[in-house]
Each structure stands twice: as structure tokens, then as C-alpha cells.
Amino acid sequence: MQRIRLRYTKRGRLRFTSHRDFQRAFERALRRAEVPMAYSAGFTPHPKVSYANAAPTGTGSEAEYLEIALTEHRDPVKLKDLLDESLPDGLDVTDVVEARTSGLADRLQASVWELRLDGVPVEDAERAAEAFLAAESVEVQRRTKNGMRSFDARAAVASLQASRPSADRPVDNPCAILRLVVRHVTPAVRPDDVLSGLRAVADLAPPVPVAVTRLAQGPFDEETGTVTDPLAPDREAVPAAPADRSGAAGSPAAAAQVPEGSA
């Protein structure tokens with residue numbers, strides 16, 4: 001059985017796609033691309049697809065991950081092209097590797113988020129970010145299926161910076177861009193929780209809905225404060241050389257010889 005890991009996006013209007021809607025679209029794409037999927041056992045077999053830390057509905061993402069199991073070997077590059085052609089625009093497969101290591105979900109330790117605050121001067125966003133980072137804790141509330149829950153949104157935020165939109169995206173009205181790195185903790189701290197915290201500590205309230213995009217997720221480097229590529233270990237892992245009939249790796253000629261008389 002071959003395991004394949006994919007990175008895909010949720011762009012434009014497709015950011016409003018729920019996780020369940022994406023599952024249906026992806027399974028249709030697997031059938032359309034004639035991918036030899038492995039299926040679970042039982043009365044209702046389903047394709048072996050493992051989804052990892054999907055972004056909330058309504059947020060865009062450049063870094064969603066999943067893993068699939070195949071019954072036949074396929075070239076990852078060709079598989080990427082077939083799936084990308086079979087998915088709607090906005091749900092784009094951007095990277096595919098063969099899984100050669102374990103623990104993809106465990107490597108998704110943090111996310112990089114971009115929040116576009118239209119109608120907010122960058123100076124106000126900078127002051128709010130400074131106030132948020134200076135606080136020892138920022139208590140926020142979120143409604144769950146069991147009612148309102150309070151938790152600290154500050155501890156999970158590794159960095160938070162405000163800036164102006166890039167030069168290639170000019171705007172006529174005030175606009176601030178917040179970029180934040182959030183560790184994946186329990187309970188999970190989402191971008192809207194950070195926005196609630198900014199409102200609590202600095203009275204920052206954007207006049208229009210905030211556009212949220214996940215730019216990356218993966219292992220978190222404590223020294224640099226950066227999020228690295230979770231698929232890198234699979235690319236770097238070298239497949240083991242096939243063993244010959246005697247059980248030694250490689251060809252017989254490559255086997256080490258012990259000189260005569262050596263101890």
C-alpha cells in the first residue's frame with residue numbers, strides 16, 4: 001500500500017466551503033481521476049483519507065493537508081496534476097509527496113495567518129498588536145455546543161505584527177494587515193479569537209468583516225519563531241536500498257569484504 005500526502009488550497013469563494021463539502025468534492029475528484037484508493041472494511045467502506053487540522057469555514061488557506069492510501073503505486077507528480085484537474089478552481093493541489101515518515105498531524109504545530117482589516121488605519125492596528133502582546137493573558141469567550149467557554153487567547157500567539165498592504169495591492173481606504181503565528185494548543189485558538197482579544201485590550205473593531213487566510217502550517221521553530229514545511233521530512237527521507245537474496249542491502253558486489261587474517 002502506498003501513502004500519499006497532499007497540500008491544497010481554499011481560495012476565493014471556495015473559502016466558504018465546509019469541511020464536509022470539501023470531503024465530498026475531493027472524493028468525487030478521486031473517482032474522476034481514477035485513483036486506486038484503498039477502502040476501509042465494514043458494511044460501509046469509504047476511501048482511506050486522513051484530514052489534518054482543516055481551516056474553519058469562511059477562512060481562506062494556502063496550506064491544508066491530507067493523506068490518502070492507494071492500493072497501487074502512482075507517481076506523485078502525475079497524481080497531483082490529475083487531482084488538480086478534477087477539483088474546482090479554488091481547491092487547488094499545490095504539492096504532493098510520497099509518505100516516507102510517520103506523524104504528519106503531529107508536525108502541524110502552528111499556523112501563520114494573515115488578517116486583512118479594511119477600514120482600520122495601520123497605526124491603530126500596531127497599537128492594538130502591542131497591547132495584545134504586552135498582556136500576560138487575554139481572556140476571550142467562544143460559543144460552543146455546550147455553551148459559552150472562556151479561555152486565554154494570548155498564550156498561543158507566538159508573534160503578531162501589523163503592516164500596510166503590499167504595493168501590488170493598493171487600496172483607497174485605510175487598511176491594515178495583521179500577520180500572526182499561532183501555536184496549535186488545546187483549546188484551539190482561532191484568528192477570530194485573536195480579533196476578540198484585540199477588541200478587549202485595545203477596542204479594535206474593524207467596520208467590515210475581516211478577510212482571514214492561513215498562509216502556512218507545520219513544525220514550529222522556537223528559536224526563529226517560524227513555521228516550517230511539514231512535508232520536508234518526506235522529501236528528505238531516502239528510500240532503503242532493496243535487499244538481495246542473502247538479506248544484505250544492495251548488490252553482492254557492494255557487500256563489505258573482511259581481509260584475510262584480520263581480527
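Predicted model only: the values in this text are computed from it and were never measured.
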Closest approach of [X] and [Y], non-hydrogen atoms and distance?
{"X": "Trp113", "Y": "Pro56", "value": "CH2-CD, 4.1 Å"}
{"X": "Ala131", "Y": "Ala202", "value": "CB-CB, 4.4 Å"}
{"X": "Ala38", "Y": "Thr71", "value": "CA-CG2, 3.7 Å"}
{"X": "Pro47", "Y": "Met37", "value": "CB-CE, 3.9 Å"}
{"X": "Arg116", "Y": "Pro165", "value": "NH1-CB, 4.4 Å"}
{"X": "Ala158", "Y": "Phe220", "value": "CB-CZ, 3.6 Å"}

Under a 4.5 Å cut-off applied to non-hydrogen side-chain atoms, are [X] and [Y] in contact?
{"X": "Val49", "Y": "Leu30", "result": "yes"}
{"X": "Thr17", "Y": "Thr57", "result": "no"}
{"X": "Glu222", "Y": "Gln109", "result": "no"}
{"X": "Lys10", "Y": "Glu62", "result": "no"}
{"X": "Leu104", "Y": "Leu231", "result": "yes"}

Would you indicate whether Glu139, at its atom CD, is surrounded by more than 12 heavy atoms from other residues, nucleotides or ligands within a distance under 6.0 Å?
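Enclosed.
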Spacing of [atom1] belonging to [X] relative to [atom2] belonging to [Y], to within rounding of 0.5 Å:
{"X": "Leu83", "Y": "Arg74", "atom1": "CG", "atom2": "CZ", "result": "11.5 Å"}
{"X": "Phe151", "Y": "Arg149", "atom1": "CZ", "atom2": "CZ", "result": "7.5 Å"}
{"X": "Asp92", "Y": "Asp84", "atom1": "CG", "atom2": "CG", "result": "5.5 Å"}
{"X": "Glu27", "Y": "Arg24", "atom1": "CD", "atom2": "CZ", "result": "9.5 Å"}
{"X": "Arg142", "Y": "Ser196", "atom1": "CZ", "atom2": "OG", "result": "9.0 Å"}

Measure up the Tyr51 and Phe26 rings against each other and bin them: parallel (under 30°), tilted (30 to 60°), perpendicular (over 60°).
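Perpendicular, since the angle between the ring planes exceeds 60°.
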Side-chain ion pair, Asp124 and Arg127, N-O less than 4.0 Å:
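Looking at Asp124 and Arg127, the cut-off is met.
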Salt bridge present between Glu126 and Arg164 (N-O < 4.0 angstrom):
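No salt bridge links Glu126 with Arg164.
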For [Y], is there any backbone N or O sitting under 3.5 Å from a side-chain donor or acceptor partner on [X]?
{"X": "Glu64", "Y": "Ala55", "value": "yes"}
{"X": "Asp193", "Y": "Arg190", "value": "yes"}
{"X": "Gln141", "Y": "Ser150", "value": "no"}
{"X": "Asp152", "Y": "Val138", "value": "yes"}
{"X": "Ser50", "Y": "Ile68", "value": "no"}
{"X": "Glu114", "Y": "Ile177", "value": "no"}
{"X": "Asp234", "Y": "Thr101", "value": "yes"}
{"X": "Arg107", "Y": "Gly218", "value": "no"}
{"X": "Ser40", "Y": "His46", "value": "yes"}
{"X": "Arg11", "Y": "Leu14", "value": "no"}

May I have the step-by-step check of ring-ring contact (aromatic ring centres under 6.0 Å, His included) for Tyr8 and Tyr65, ending in yes or no?
CA-CA 6 Å; Tyr8 65 95; Tyr65 293 91; 8.1 Å; no
Single-linkage hydrophobic cluster, 4.5 Å side-chain cutoff, Phe22 and Val212 together:
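Different clusters.
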Following the transitive rule for hydrophobic clusters with a side-chain heavy-atom cut-off under 4.5 Å over Ile, Leu, Val, Met, Phe, Trp and Tyr, establish whether Leu108 and Leu215 coincide in one cluster.
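Not linked; separate clusters.
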Applying side chain to side chain donor-acceptor pair (under 3.5 Å) to Ser111 and His184, what does each step give before you reach the verdict?
CA-CA 7 Å; Ser111 288; His184 298 166; 2.7 Å; yes
List for me each residue that meets side-chain hydrogen bond (donor to acceptor under 3.5 Å, both in side chains) alongside Thr226, sequence neighbours excluded, and say none if there are none.
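In terms of side-chain hydrogen bond (donor to acceptor under 3.5 Å, both in side chains), with neighbours along the sequence ignored, Thr226 is linked to Thr224.
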In a check of side-chain contact (heavy atoms from CB on, under 4.5 Å) between Leu178 and each of Val120, Leu198, Val122, which one passes?
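Looking at Val120, Leu198, Val122, the match for Leu178 under the side-chain contact (heavy atoms from CB on, under 4.5 Å) is Leu198.
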